[in-house]
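Read the structure below first, then the notes.
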Amino acid sequence: MRPTPQTELELLGRARDLAGLSLGELALQADIVTPPDLKRDKGWVGQLLEWHLGATAGSRPIPDFVELGIELKTIPIGYNGKPLETTFVCVAPLIGLQGLSWENSHIRHKLAKVLWIPVEGERDIPLADRHVGSPLLWSPSADEEQRLRRDWEELMDMIVLGHVEQITARHGEILQLRPKAANSKALTEAYGANGQPIKTLPRGFYLKTHFTAELLERYFIL
DNA sequence: AGTTGATCATCT
DNA sequence: AGATGATCAACT
């Protein structure tokens, strides 16, 4: 892995240097084998970019660039220039919610500063031939944070009231709650409708594609 | 079992 | 075509 960037500017510069290159070239430089597809290597693109940018976190629950407080997110882009997938942010807490507020929530800290790196994601482009786009260093605007907060509070209210299993991905304007698990047998504890503990699928917060599309679009217009 | 990285497969 | 619910792998 390359050395960790010491400043925001250094990180951004390095990310800009990757723009226009293909994943095949980047894999060659990193001495990493390109898999045939992402079926069994869903996190491969993210890990390849982590290597090139010198991210330090690995699979630990801390920011990718701890010293800079920056989170790295790659985002697959279609031929129309829009995201092909929602973006996973973090796991949603389902128990021990006393005193939890938006201000001290895990998700607010995760989204405080994000380096977005668009990558061609259409499945008919061979993985090695997909190109990296221009990076965007983003922090939520006041309006964006308000929308995130509204969604988060709505979803957390339902969880606290024991309605987690009534939540679908349609709830929330820009933030959604969906299963995030190895498989349907990996269960975790949550509140039931009568306050009793139940076992349910772990959930994650995801950003809806129309929202991430907005972000990237705003950038390309500037 | 939980974290990280997400995409896959299917339904509407 | 796009969104939803389900799933994969590595690592702690």
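Every chain is numbered from 1 and lettered A, B, ... according to where its sequence line falls, protein lines coming before strand lines.
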(request) Could you check whether A:T86 gets within reach of a base, just the sugar-phosphate, or nothing at all, counting any heavy atom under 4.0 Å? (result) base
(request) Would you mind telling me which residue lines up with the more 5' stretch of DNA chain C, A:P179 or A:D41, judged by nearest nucleotide? (result) A:P179
(request) Rounded off to whole Å, could you give me the CG-to-C1' distance for the A:L94 and B:dA1 pair? (result) 14 Å
(message) Counting the atoms with a prime plus P, OP1 and OP2 as sugar-phosphate, which does A:K180 contact under 4.0 Å by heavy atoms, base, sugar-phosphate, or nothing?
(response) base
(request) May I ask you to decide if A:P35's main-chain N or O and A:D41's side chain share a donor-acceptor pair within less than 3.5 Å? (result) no
(request) Output yes when a side-chain donor or acceptor of A:R130 lies under 3.5 Å from a complementary backbone atom of A:L23, and no otherwise. (result) no
(message) Without decimals, in angstroms, what is the distance between A:W44 CH2 and B:dT7 P?
(response) 12 Å
(message) Using whole Å, what does the distance between atom C1' of nucleotide B:dA6 and atom NZ of A:K110 come to?
(response) 12 Å
(request) Give a yes/no on whether any side-chain N or O of A:Q176 is located under 4.0 angstrom from OP1 or OP2 of C:dT4. (result) yes
(request) Mark yes or no for whether A:T4, through its side chain, and A:G54, through its backbone, hold a donor-acceptor pair below 3.5 Å. (result) yes
(request) Respond yes when some side-chain nitrogen or oxygen of A:T74 is under 4.0 Å from OP1 or OP2 of B:dA6, and no when none is. (result) yes
(request) Tell me what A:A181 touches on the nucleic acid: a base, only sugar-phosphate, or nothing, going by heavy atoms under 4.0 Å. (result) base
(message) Please report the distance, rounded to the nearest Å, between CD in A:E120 and C1' in B:dT7.
(response) 17 Å
(message) Determine whether a donor-acceptor pair (N or O, by modelled atom type, separation under 3.5 Å) exists between the side chain of A:K199 and the backbone of A:A190.
(response) no
(request) Would you confirm whether A:E120, through its side chain, and A:H131, through its main-chain N or O, come within 3.5 Å as a donor-acceptor pair? (result) yes
(message) If you assign A:P83 and A:Q47 each to the DNA chain C nucleotide with the nearest heavy atom, which residue ends up on the more 5' nucleotide?
(response) A:P83
(request) Using atom CG of A:D37 as one end and atom P of B:dC8 as the other, report the distance to the nearest whole Å. (result) 7 Å
(message) Categorize A:P76 for me: base, sugar-phosphate, or nothing, with a 4.0 angstrom heavy-atom threshold over every strand shown.
(response) sugar-phosphate
(message) Regarding B:dA6, can its base be found pairing with the side chain of A:Y206 as donor and acceptor, where the two atoms are less than 3.5 Å apart?
(response) yes
(request) State whether A:R170 places a side-chain N or O below 4.0 Å from either non-bridging phosphate oxygen (OP1 or OP2) of C:dG5. (result) yes
(request) Examine the side chains of A:T86 and A:R178 and answer whether a donor and an acceptor come within less than 3.5 Å of each other. (result) yes
(message) I need the CG-P distance between A:L201 and C:dG5, as an integer number of Å.
(response) 11 Å
(message) From CZ of A:F211 over to C1' of C:dG2, roughly how many Å is that when rounded to an integer?
(response) 19 Å
(request) Would you indicate, yes or no, if C:dT7 has its OP1 or OP2 atom less than 4.0 angstrom from a side-chain nitrogen or oxygen of A:S184? (result) yes
(message) Has A:E25 got a side-chain atom pairing as donor or acceptor with A:L21's backbone, closer than 3.5 angstrom?
(response) no
(request) Check whether the side chains of A:W102 and A:E145 place a donor and an acceptor atom closer than 3.5 Å, and report yes or no. (result) yes
(message) Looking at C:dA1, I'd like to know if its phosphate oxygens (OP1 or OP2) sit under 4.0 Å from a side-chain N or O belonging to A:K82.
(response) no
(message) Could you tell me how far apart A:R203 (CZ) and B:dA6 (P) are, to the nearest whole angstrom?
(response) 22 Å
(request) Under 4.0 Å between any heavy atoms, over every strand shown, what does A:G46 touch: base, sugar-phosphate, or nothing? Just pick one. (result) sugar-phosphate
(message) By nearest atom, which of the nucleotides B:dT4, B:dC8, C:dC8 is closest to the A:H106 side chain?
(response) B:dT4
(request) Ignoring backbone atoms, establish whether A:T209 has a side-chain N or O less than 4.0 Å from OP1 or OP2 of C:dA3. (result) yes
Tabulate protein N/O versus nucleotide N/O from nucleotides 9-12 of chain B, keeping only pairs under 3.5 Å, one per line.
none

(message) With a 3.5 Å distance limit and no angle check, can you tell me whether A:K73 reaches the backbone of A:F88 through a side-chain donor-acceptor pair?
(response) yes
(message) Closest-nucleotide mapping onto DNA chain B: is A:T188 or A:G43 further toward the 5' terminus? I mean the 5' end.
(response) A:T188
(message) Considering every strand and a 4.0 Å limit on heavy-atom distances, what is the contact class for A:V45: base, sugar-phosphate, or nothing?
(response) nothing
(request) Indicate, with a heavy-atom threshold strictly under 4.0 Å, whether A:L187 touches base, sugar-phosphate, or nothing. (result) sugar-phosphate
